[in-house]
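This report concerns only the one structure given below.
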Amino acid sequence: MSFPLLTATAVLPAVGAIATAAVPAARRTAAKWLALLVSLATLALAITVLVRFDPDGARYQLTESHAWIADFGVRYELGVDGIGVALLALTALLIPFIILAGWHDADPLETGSKRWRPTQGFFALILAVEAMVIISFEATDVFLFYIFFEAMLIPMYFLIGGFGDRAHAGTDENAAAQRSYAAVKFLLYNLVGGLIMLAAVIGLYVVAGNFSLQEIAEARANGTLDMATNTERWLFLGFFFAFAVKAPLWPLHTWLPNAMGEATAPVAVLITAVVDKVGTFAMLRFCLQLFPEASKWATPAILVLALISIVYGALLAVGQRDIKRLVAYASISHFGFIIMGIFAMTSQGQSGATLYMVNHGISTAALMLVAGFLISRRGSRLIADYGGVQKVAPVLAGTFLIGGLATLSLPGLAPFVSEFLVLVGTFERYPVIGIIATFGIVLAALYTLVLYQRTMTGPVKPEVSAMPDLRLREVAVVAPLVVLLIFLGVYPKPVTDIVNPAVKSTMSDVHKKDPKPAVEAAK
């Protein structure tokens, strides 16, 4: 029996979370190092998965299948395709940087504070989220996926509500209430989506008789499982609603700015760069594969919602006064591009959407983590409280600029390639939507450059005159992300080679082919 590599990638951070939580209260530093070492070991396993994955091989590889709840047809089934393995690697890559960036975020507050920040719990919760996200990318049993899709809400709830932004901690009596509101809103939105999905999961079992993604998809393809049109559409809507909340897609997005604004910067990265990717990933793996006809039926409406997300999120980002909420609304706009690429039903669009998930995770991590370092120095999230930072902290300002330029998809940085593919793929089939979506690029340039101008340029404000530049630990967090942004911007082939075969399989699931280019024959 071969080594269960996929199980190991999820079990290791789960065991690490338990071990970190069990470290004695007085050994906070030991807990931090333990969490970091576990995350690095998980990254090593993820790299092993990546190396062993053959893009030209079977659709699902490194598969594991064991009986679990036999009476209800539930199995412990794991497997990764090109899309899943890319996002698994992204998750494992970002967690060590998140832990390093949050090294002091859960330390005890100043002497005399009535609140104690349990350091061990903070890092244990991060590892728990990693374990649940990883198994969500690996699960090929619908019920198994649903369990961890929902379970990850619990540690995220405590990370948002229990470990707030230090810019407010101990200075505002409403800070705890604001964190609680953000955490409860996050939980309620996602629980409602999950309950609706649960009804759809049960309905799928009634129709199909099992929860195996591969068996159901094969039965759909060979005609042995024929769903009634209305049944397929209702089941699709149940799944899609839950994924749209997680993604987040307008108008189900309103929990994200609150959650990212009140959470620490590393937790904000965990939300938008890691957890939210489960929603867009699941649209590709479950919605399109299980309900191909309903996916095509819903495409026009979903594309309109994605377009609204792109423009609406960018417009609100332009008007933000809070740095972290600006990044949150920018992410809503970016998720609109990802969803638009998925439902454009072209290979370029879906390849771009998958690449966008990876690139957005890296670029948002770079920008938000540097923003967190900036906020921790000044003690304020308000843009108006900054000015002239580049004169006193040039390395911080430079990395902030690179993260911002990646957010606006500057050519030469990773997000440009993915955004270009999404727009080309959308324009091929829906030219009007593709044209309007480009307005989001213009707005991205506006909110990014205005943010940089107001915080980093101009006269040095007295409050930032003594601001220190990035420290060694902070450089170790940001530098690799900057290198990746440049490398994947110049040479995205390593990622596209992995995801393209999976995209072709997804296109086959929905019986779609790329439109032929309408060009005049040369004379």
Side-chain angles (χ1 to χ4, degrees), residues 10-43 91-92 94-136 148 150-170 175-187 190-191 258-275 368-369 372 376 473 477:
V11 169
L12 180 57
V15 172
I18 297 171
T20 302
V23 172
R27 305 291 301 276
R28 293 189 303 275
T29 302
K32 296 175 185 180
W33 280 106
L34 175 60
L36 180 60
L37 291 174
V38 169
S39 69
L40 291 173
T42 305
L43 176 58
T91 301
L94 291 180
I95 295 300
F97 297 125
I98 289 172
I99 289 173
L100 268 178
W103 200 253
H104 297 297
D105 285 357
D107 288 347
L109 295 173
E110 64 275 4
T111 304
S113 172
K114 295 180 180 179
R115 292 195 301 113
W116 174 266
R117 301 167 72 86
T119 305
Q120 289 84 338
F122 179 76
F123 293 101
L125 289 170
I126 291 175
L127 291 176
V129 172
E130 179 183 22
M132 294 174 187
V133 169
I134 285 175
I135 204 166
S136 297
F148 289 97
E150 286 293 276
M152 70 180 71
L153 301 180
I154 304 305
M156 284 306 309
Y157 167 81
F158 287 109
L159 282 170
I160 297 168
F163 301 90
D165 190 342
R166 281 286 178 97
H168 291 315
Q178 292 170 2
R179 287 194 301 273
S180 177
Y181 172 78
V184 170
K185 189 173 184 179
F186 162 82
L187 187 64
N190 284 275
L191 278 179
N258 296 103
M260 287 185 66
E262 297 304 322
T264 65
V267 172
V269 171
L270 188 64
I271 295 169
T272 190
V274 177
V275 172
M368 179 59 84
L369 292 179
S376 67
R473 172 181 60 86
V477 170

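Sequence positions, counted from 1, serve as the residue numbers for this chain. Side chains are part of it too, since the values below use all heavy atoms of this structure and drop only hydrogens, waters and symmetry mates.
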Spacing of CG belonging to Leu270 relative to CE belonging to Met260, to within rounding of 0.5 Å: 11.0 Å

Test item: Ile95 and Ile98 side chains (from C-beta on) under 4.5 Å apart, heavy atoms: yes

Verdict with supporting geometry, Leu159 and Met156, side chain to side chain contact (heavy atoms under 4.5 Å, CB included): CA-CA 5 Å; Leu159 282 170; Met156 284 306 309; 4.1 Å; yes

Between Ala259 and Ile271, what is the shortest heavy-atom contact and its length? CB-CD1, 4.0 Å

Verify side chain to side chain contact (heavy atoms under 4.5 Å, CB included) between Asp105 and Phe122, making sure each step is shown before the conclusion. CA-CA 9 Å; Asp105 285 357; Phe122 179 76; 4.2 Å; yes

Quick one: CD on Glu262 to CD1 on Ile160, what's the gap to the nearest 0.5 Å? 10.0 Å

Could you measure the distance from the OG1 atom of Thr91 to the CE atom of Met132? Nearest 0.5 Å is fine. 14.0 Å

Working note: Thr20 + Ile126, criterion side chain to side chain contact (heavy atoms under 4.5 Å, CB included); need CA distance, chi angles, decisive distance, verdict. CA-CA 10 Å; Thr20 302; Ile126 291 175; over 6 Å; no

Test item: Phe123 and Pro118 side chains (from C-beta on) under 4.5 Å apart, heavy atoms: no

Counting heavy atoms not belonging to Arg27, are there more than 12 under 6.0 Å from its CZ? no

Of all heavy-atom pairs linking Ala273 and Leu94, the shortest is CB-CD1, 3.8 Å

Could you tell me if the side chain of Thr119 sits less than 4.5 Å from the side chain of Val23, heavy atoms only? no

Solution key, residues 31-38 side-chain donor-acceptor pairs under 3.5 Å, sequence neighbours excluded:
unit_1 : atom_1 : unit_2 : atom_2 : d
Lys32  : NZ     : Trp103 : O      : 2.8
Lys32  : NZ     : Asp107 : OD1    : 2.8
Lys32  : NZ     : Asp107 : OD2    : 3.4

Check Ser136 against Met152 and note the closest heavy-atom contact, atom names and distance. OG-CE, 3.3 Å

Return the minimal non-hydrogen interatomic distance between Leu369 and Pro266, and the atom names on each side. CD2-CA, 3.9 Å

Tell me every residue that passes side chain to side chain contact (heavy atoms under 4.5 Å, CB included) with Phe97, counting only those two or more places apart in sequence or in another chain. Leu93, Val477, Pro480, Leu481

Which of Lys185, Arg179, Gln178 passes side-chain hydrogen bond (donor to acceptor under 3.5 Å, both in side chains) with Asn258? Answer is Lys185

Applying the side chain to side chain contact (heavy atoms under 4.5 Å, CB included) test to Thr42, which of Leu127, Leu12, Val11 qualifies? Leu12

Do side-chain atoms of Gln120 reach the backbone of Pro24 as a donor and acceptor pair under 3.5 angstrom? yes

So, taking the atom named CD in Glu130 and the one named CG in Leu43, what distance separates them when rounded to the nearest 0.5 Å? 9.0 Å

Would Phe148 and Val133 count as a side chain to side chain contact (heavy atoms under 4.5 Å, CB included) here? Give the steps. CA-CA 7 Å; Phe148 289 97; Val133 169; over 6 Å; no

Considering all heavy atoms, the nearest Ala131-Ala10 contact: CB-O, 3.3 Å

Exactly one of Leu191, Val184, Asn190 should register a side chain to side chain contact (heavy atoms under 4.5 Å, CB included) with Leu187. Which one does? Leu191

